[in-house]
Amino acid sequence: MTIAASRLLWDGCVCFVGIGLPSAACNLARLTHAPEIVLVYESGTLGTHPDVLPLSIGDGELARTATCVVPLPEIFSYYLQAGRIDVGFLGAAQIDRYGNLNSTVIGSYDTPHTRLPGAGGAPEIATHARETFVMLKATPRSFVAELDFRTTAGYLQGSGARARSGAPGGGPRSVITDFGLLKPHPDTQELQLAALFSGVGVEEARAAVGWPLTLAAHVGIVDPPEAKELEILRALHARTRQAHARPVAIPL
């Protein structure tokens, strides 16, 4: 998933990065084919070059290696809302067939089974970024026919609903799963199976999704990871584990 997602990014891309799998994918791209990618994290770090993956948007590694750090409101008003973000890279707990996301609650809002971290900046990122990528492992509980709560708009009800809403960004262009890639149908905007990982079948993909998954006109096969990509990704994770295992030194 991480390698397939990293390949979607290009050199010089300005990317608003989420923590977790999106962060790993973006930093892998920076360390391989896209050294000039500009990574922006919600805490206000611009052009950061972390040596290890951050624990959160407030990780000091991001500020220490950033080109500059600006106040959080400026990230949204001067960069995101001004149309300067090429890609918003997000995760979520649930996604529906039109790329709408839930990161608020599982169950009813008033008496939820699980209360999730919440929206953060995801609604604004998905609204204003020129395009959005989403990374999410697929099960019928995460790829659902109907969200328990719509935190972040994708294509709303599909068939042009997003465009009619006036949202300036382009919406979710790719959803990276552990069976392959989904992309929106050009007319209905419903997410379709566009590519599979080697060794995964169509029925396996359909079984992981909570709606009747349709196929794109051509379903490709994702190129397998290259040895160099695996080497760099594994080294990045090893450095991260080592760094996070050390106790934090707090000066007295």
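From a predicted model like this one, the values you see are computed outputs, not experimental measurements.
How far CD of Gln94 is from CZ of Arg141: 9.5 Å, rounded to the nearest 0.5 Å. Taking CD of Glu226 as the reference point, atom CD1 of Ile232 lies at 10.0 Å (rounded to 0.5 Å). With values rounded to the nearest 0.5 angstrom, Glu61 atom CD is found 6.0 Å from Asp51 atom CG. Separating the CD1 atom in Ile95 from the CE atom in Met135 is a distance of 12.5 Å, to the nearest 0.5 Å. If you take NE2 on His113 and CG on Asp148, they are separated by 10.0 Å, rounding to the nearest 0.5 Å. Interatomic distance, Arg130 CZ to Phe16 CZ, rounded to the nearest 0.5 Å: 14.5 Å.
Linking Ile, Leu, Val, Met, Phe, Trp and Tyr residues whenever their side-chain heavy atoms come within less than 4.5 Å leaves Leu116 and Val105 in two separate clusters. When the side chains of ILVMFWY residues are joined at heavy-atom separations under 4.5 Å, either directly or via intervening members, Val70 and Val17 end up in a single hydrophobic cluster. Both Leu136 and Leu101 belong to a single network of hydrophobic side chains, linked directly or stepwise wherever heavy atoms of I, L, V, M, F, W or Y lie under 4.5 Å apart. In the hydrophobic clustering of this structure, Val219 groups with Leu8; members are Ile, Leu, Val, Met, Phe, Trp, Tyr whose side-chain heavy atoms approach within less than 4.5 Å, directly or through other members. Residue Leu55 is not grouped with residue Ile57 when hydrophobic side chains (ILVMFWY) are merged at heavy-atom distances under 4.5 angstrom, including chains of intermediate members.
The shortest heavy-atom contact between Leu28 and Ser6 is CD2-OG, 3.6 Å. Contact between Arg97 and Pro212 at its shortest, heavy atoms only, is NH2-CD, 3.7 Å. Residues Pro123 and Thr152 approach most closely at N-OG1, 3.6 Å, considering heavy atoms. Heavy-atom minimum distance, Thr45 versus Ala66: CB-CB, 4.0 Å. Nearest approach of Phe179 to Ala138, heavy atoms of both residues: CE2-CB, 3.5 Å. Taking every heavy atom of both residues into account, Ala93 and Ile106 meet most closely at CB-CD1, 4.5 Å.
Between Ile85 and Cys15 there is no side-chain heavy-atom pair separated by less than 4.5 Å. For the pair Asp59 and His244, the minimum side-chain heavy-atom distance is below 4.5 Å. The closest side-chain heavy-atom distance from Leu21 to Met1 is below 4.5 Å. Here the side chains of Tyr41 and Pro54 are in contact, with some heavy-atom distance below 4.5 Å. Side-chain atoms of Leu9 and Phe89, non-hydrogen and from C-beta on, do get closer than 4.5 Å to each other. Contact of the Arg150 side chain with the Leu147 side chain is registered, since non-hydrogen atoms from C-beta on lie closer than 4.5 Å. Side-chain atoms of Thr132 and Leu90, non-hydrogen and from C-beta on, do get closer than 4.5 Å to each other. Using a 4.5 Å heavy-atom threshold, the side chains of Ile176 and Val134 count as separate.
The existence of a salt bridge linking Arg30 and Glu36 is excluded, since no basic side-chain nitrogen approaches an acidic carboxylate oxygen closer than 4.0 Å.
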Mind running side-chain contact (heavy atoms from CB on, under 4.5 Å) on Gln157 and Gln189 for me, showing each step along the way?
-> CA-CA 9 Å; Gln157 297 81 33; Gln189 287 90 54; over 6 Å; no

Apply the test side-chain contact (heavy atoms from CB on, under 4.5 Å) to residues Ile3 and Leu230: give CA-CA distance (whole Å), side-chain angles for both, the deciding distance (0.1 Å), then the verdict.
-> CA-CA 8 Å; Ile3 290 171; Leu230 287 170; 3.7 Å; yes

Full working for side-chain contact (heavy atoms from CB on, under 4.5 Å) between His33 and Trp10 | CA-CA 7 Å; His33 65 277; Trp10 61 94; 6.0 Å; no

side-chain contact (heavy atoms from CB on, under 4.5 Å) assessment of Thr214 paired with Glu190 = CA-CA 9 Å; Thr214 59; Glu190 181 174 325; 4.3 Å; yes

Worked verdict on Asp178 versus Lys137 for salt bridge (charged side-chain N to carboxylate O under 4.0 Å, His left out) = CA-CA 5 Å; Asp178 46 353; Lys137 292 184 178 181; 6.0 Å; no

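No donor-acceptor distance shorter than 3.5 angstrom exists from the side chain of His218 to the backbone of Ala216, with no hydrogens or angles considered. With hydrogens and angles ignored, the 3.5 Å screen pairs a side-chain donor or acceptor of Ser103 with a backbone N or O of Gly118. Distance alone, capped at 3.5 Å, is enough to place a donor-acceptor pair between the Tyr155 side chain and the Pro172 backbone.
Around CD of Glu74, the count of heavy atoms belonging to other residues, nucleotides or ligands within 6.0 Å exceeds 12. Residue-environment remark: CZ (Arg239) exceeds the threshold of 12 foreign heavy atoms within 6.0 Å.
Thr65 pairs by the side chain to side chain donor-acceptor pair (under 3.5 Å) definition with Thr48, not counting sequence neighbours. Applying the side chain to side chain contact (heavy atoms under 4.5 Å, CB included) criterion to Val202, with sequence neighbours excluded, gives Leu193, Leu196, Arg206, Leu215. Considering only residues two or more places apart in sequence or on other chains, Lys183 meets the side chain to side chain donor-acceptor pair (under 3.5 Å) condition with Ser174. Listed by chain and number, the residues in a ring pair (Phe, Tyr, Trp, His ring centres under 6.0 Å) with Phe143 amount to none (sequence neighbours excluded). Under the rule for a side chain to side chain donor-acceptor pair (under 3.5 Å), the partners of Asp96 that lie at least two apart in sequence or sit in another chain are Asn100.
Side chains of Thr188 and Tyr98: no donor on one and acceptor on the other come within 3.5 Å. Counted by atom type alone, Thr151 and Thr104 present one or more donor-acceptor pairs between their side chains at under 3.5 Å.
With side-chain heavy atoms closer than 4.5 Å counting as contact, directly or through intermediates, Leu156 stands alone and belongs to no larger hydrophobic cluster.
Considering Leu39, Val40, Val87 as possible partners of Cys26, the one that fulfils the side-chain contact (heavy atoms from CB on, under 4.5 Å) test is Leu39.
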